[in-house]
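Not measured: the values here are computed from a predicted model. First listed ligand is number 1; within each ligand, the first listed atom is number 1.
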Amino acid sequence: MLAIVLLLALPFCTAESASSYAGSTVVNSYPPPGATNTAVDTYFPDASQVGYAGPSPTGAEPAAIVTAVPFSKVEGVFPLSRPNSADGADTTFNVMRHWGNFAPMYSVESFGLPDASPVIPERCGLNGVHLLMRHGARYPASDEPGPSQFASEIHAATSKKALSVTGDLKFLATWTYKLATTSLTPFGRESMFSNGVAFRYRYGELLNAFTDHLPVFRTTSIDRMVDAALTFAAGFFDVRTYETDYHQEIIIQENNFNNTLAPCEACPNANSEDIGNFGDTQSSKWANAYLQDARRRLQPMIQGVNLTISLLVGMQELCALETVALGYSKFCDLFTEEEWEGYEYYAVTNDLIVNKDFWYTCGPGNPTGAAQGLGYVQELVSRLTHTPINVWNSSTNGTLDSSNITFPLDQPIYVDFTHGVGIASVVTALNFTSLAATGPLPTDHIPPHRSYISSQIAPFSSQLVAQVLSCPASEEPTHIRFLLNDAVVPLTGIHGCTEDSNGLCALPSFISGMHERIGQIDFAHDCFANYTMPNPNNIIDGRYPS
Ligand SMILES: *[C@@H]1O[C@H](CO)[C@@H](O)[C@H](O)[C@H]1NC(C)=O
Ligand SMILES: *[C@@H]1O[C@H](CO)[C@@H](O)[C@H](O)[C@H]1NC(C)=O
Ligand SMILES: *[C@@H]1O[C@H](CO)[C@@H](O)[C@H](O)[C@H]1NC(C)=O
Ligand SMILES: *[C@@H]1O[C@H](CO)[C@@H](O)[C@H](O)[C@H]1NC(C)=O
Ligand SMILES: *[C@@H]1O[C@H](CO)[C@@H](O)[C@H](O)[C@H]1NC(C)=O
Ligand SMILES: *[C@@H]1O[C@H](CO)[C@@H](O)[C@H](O)[C@H]1NC(C)=O
Ligand SMILES: *[C@@H]1O[C@H](CO)[C@@H](O)[C@H](O)[C@H]1NC(C)=O
């Protein structure tokens, strides 16, 4: 009897509640507003009051990057569920690797030097390291309206009692929108912490060379960037002491402020409709090409909402962003492997809907791409040569960078946090031409074997590492090489650097190549001059064509 009542009641109940909340936005906040925690009180004395700490000796600093063989490749998705595509479970096709700049960082197989290991070459010694790292996974940014637009369409149809869903889209009857904006997700924090731990294992030994002052690490002022930096430091040092183990420099990120870690804000043309948003124009063309099948397949399963191409893109974004925020998403297996490949390509060509990150916006295909990365390259050269910067003709901040307190030049370890834009523009300014080798990106098909893949360049927690080495090992550095997400990058596009199977370039050649490159980039023109978007087929080095 009871069972029959339940069976009758359930569909009715589901339909009723669906009309009131499907698609609605759910916001929770923790801690509860009324609850306070007075860090130290008589009920909960802290460790120093309790005492009895016991001994706490530490061992020698690790240097796995010098000794570890083989280097273990990172998948880096714990504790997320691995999604399937509409084609079903396939252990070789990983949907997450097709999320473009929303992909969790993974170790890239190769950028063209298949024999190079991230472990330093045997005859070399490690003298220094420069890390430029993107923050970990975040909620949607304010310029990524896709997910929330999809939610409001569902909600509007529900309010009008017009929503009807069947088949694979049935879950939408009770689905609600649970994503906040722009801050780090718990997985993003986990990734920053564990990458801090990993960096200590690989490069910790270099801490021994800090003798009279503490390291300065830099980040930008916005919430997730500060969170990312502190969480990394808690993993790299120790959660109990990290706040006093180093100096955290926080550089203002805001329009018209100079900041080499948020260079878009210092480059007005990068924000203009015509030039900065060019990637959006390109990617819309591509979305219209790759999502037609999905639309034909999914539209019959939903009434009350017209699944436009931009809503379908929003659903793919929801798969990625719900997974990194909530641990799983029901949107992932709505799309086929081919459509996930389409999405990955969309993210490369895109700027506005996904992010201002890639080829046509701050990468090799935009006339401001190199100018945006220039400031960091000038800082890198300054650090490598121990020579202060004295010309302020990029996004560098002269107030901060002319002081040896806020911009020290003698550190064996440099750690800077940035955005996807930062990594994408810096590799353009560094003239990593192998990434641009296959040229401008067509908008009607995916070119086979393309060299520019955004989940390999600027995924969440993306890492560009410069290893400063001496070969043979000595006190004086002789060489440099770069790892992008654990794969060694060929430096043969840089004037003076010769072919090397380990990606090594002699330090003096690299520095003179960079001086030449710095001289080739005209920040004032590319970022400030009044020009219209040049033909994108003529740009592959991130500069306004001369
Ligand atoms: C440079 O940084 C300092 C210190 O944060 C800040 O006060 C100043 O406004 C910045 N200048 C520019 C042009 O961004
Ligand atoms: C759905 O949107 C497409 C593209 O905007 C349009 O061509 C089509 O007429 C729309 N269909 C309905 C039923 O509104
Ligand atoms: C900020 O950048 C502009 C453009 O390169 C430069 O003219 C200005 O001097 C810089 N300001 C500071 C404080 O460095
Ligand atoms: C900074 O420069 C001053 C003057 O050149 C020097 O006395 C001081 O030791 C330097 N401080 C650091 C931290 O390098
Ligand atoms: C950068 O790469 C371009 C090829 O895209 C090359 O013409 C130029 O000489 C390179 N610049 C430097 C300084 O290596
Ligand atoms: C910017 O300054 C550097 C010196 O730091 C110089 O080499 C370069 O030519 C300058 N760029 C322009 C466009 O003046
Ligand atoms: C930029 O140039 C265009 C065409 O030459 C002109 O119409 C426009 O007023 C200029 N804008 C500014 C801000 O100078």
Would you mind checking if R240 and D238 are paired as a salt bridge, meaning a charged N to carboxylate O distance below 4.0 Å? no
Applying side chain to side chain contact (heavy atoms under 4.5 Å, CB included) to S462 and I457, what does each step give before you reach the verdict? CA-CA 7 Å; S462 183; I457 294 170; 6.0 Å; no
Residue shell around ligand 7, heavy atom under 4.0 angstrom: N530
Among V415, L230, V216, find the residue that satisfies the side chain to side chain contact (heavy atoms under 4.5 Å, CB included) test when tested with Q248. L230
Would D486 and R202 pass as an ion pair if we require N to O under 4.0 Å? yes
Between H386 and L409, is there a donor-acceptor pair closer than 3.5 Å when you use the side chain of the first and the backbone of the second? yes
Numbered atoms of ligand 1 (with element) below 4.0 Å of F257, judged on heavy atoms: 9 (O), 14 (O)
Between E379 and T396: side-chain donor-acceptor atoms closer than 3.5 Å: no
N/O donor-acceptor pair under 3.5 Å between T418 side chain and I423 backbone: no
Just to be sure I read this right, does ligand 3 sit under 4.0 Å from the backbone of S394, its side chain, both, or neither, counting only heavy atoms? backbone
Numbered atoms of ligand 1 (with element) below 4.0 Å of L400, judged on heavy atoms: 2 (O)
Chi angles and distances behind the side chain to side chain donor-acceptor pair (under 3.5 Å) call for S183, D223: CA-CA 6 Å; S183 51; D223 183 76; 4.9 Å; no
Is there a nitrogen or oxygen of N397 sitting under 3.5 Å from a nitrogen or oxygen of ligand 1? yes
Test side-chain hydrogen bond (donor to acceptor under 3.5 Å, both in side chains) applied to Y242 - qualifying residues, sequence neighbours left out: none
Have a look at ligand 1 and work out which part of N256, if any, has a heavy atom under 4.0 Å from it: side chain, backbone, both or neither. neither
Test L184 against every option in E190, M225, R224 by the side chain to side chain contact (heavy atoms under 4.5 Å, CB included) rule and name the one that passes. R224
May I ask you to check if ligand 1 and T399 share an N or O to N or O distance below 3.5 Å? no
Taking distance alone, with no angle check, do F528 and ligand 3 share an N/O pair under 3.5 Å? no
Within 4.0 Å of some non-hydrogen atom of T396, the atoms of ligand 3 are 14 (O)
Out of all atoms in ligand 3, which are within 4.0 Å of some heavy atom of N258? Include the element for each. 1 (C), 2 (O), 3 (C), 8 (C), 10 (C), 11 (N), 12 (C), 14 (O)
The answer for which part of N393 has a heavy atom under 4.0 Å from ligand 3 is backbone
In terms of side-chain heavy atoms, does Q372 have a donor or acceptor partner in S425 at a distance below 3.5 Å? no
Please list, in number order, the atoms of ligand 3 under 4.0 Å from a heavy atom of F523. 4 (C), 5 (O)
Those atoms of ligand 3 less than 4.0 Å from some heavy atom in G398: 12 (C), 13 (C), 14 (O)
Backbone N/O of N431 and side chain of D541: donor-acceptor pair under 3.5 Å: no
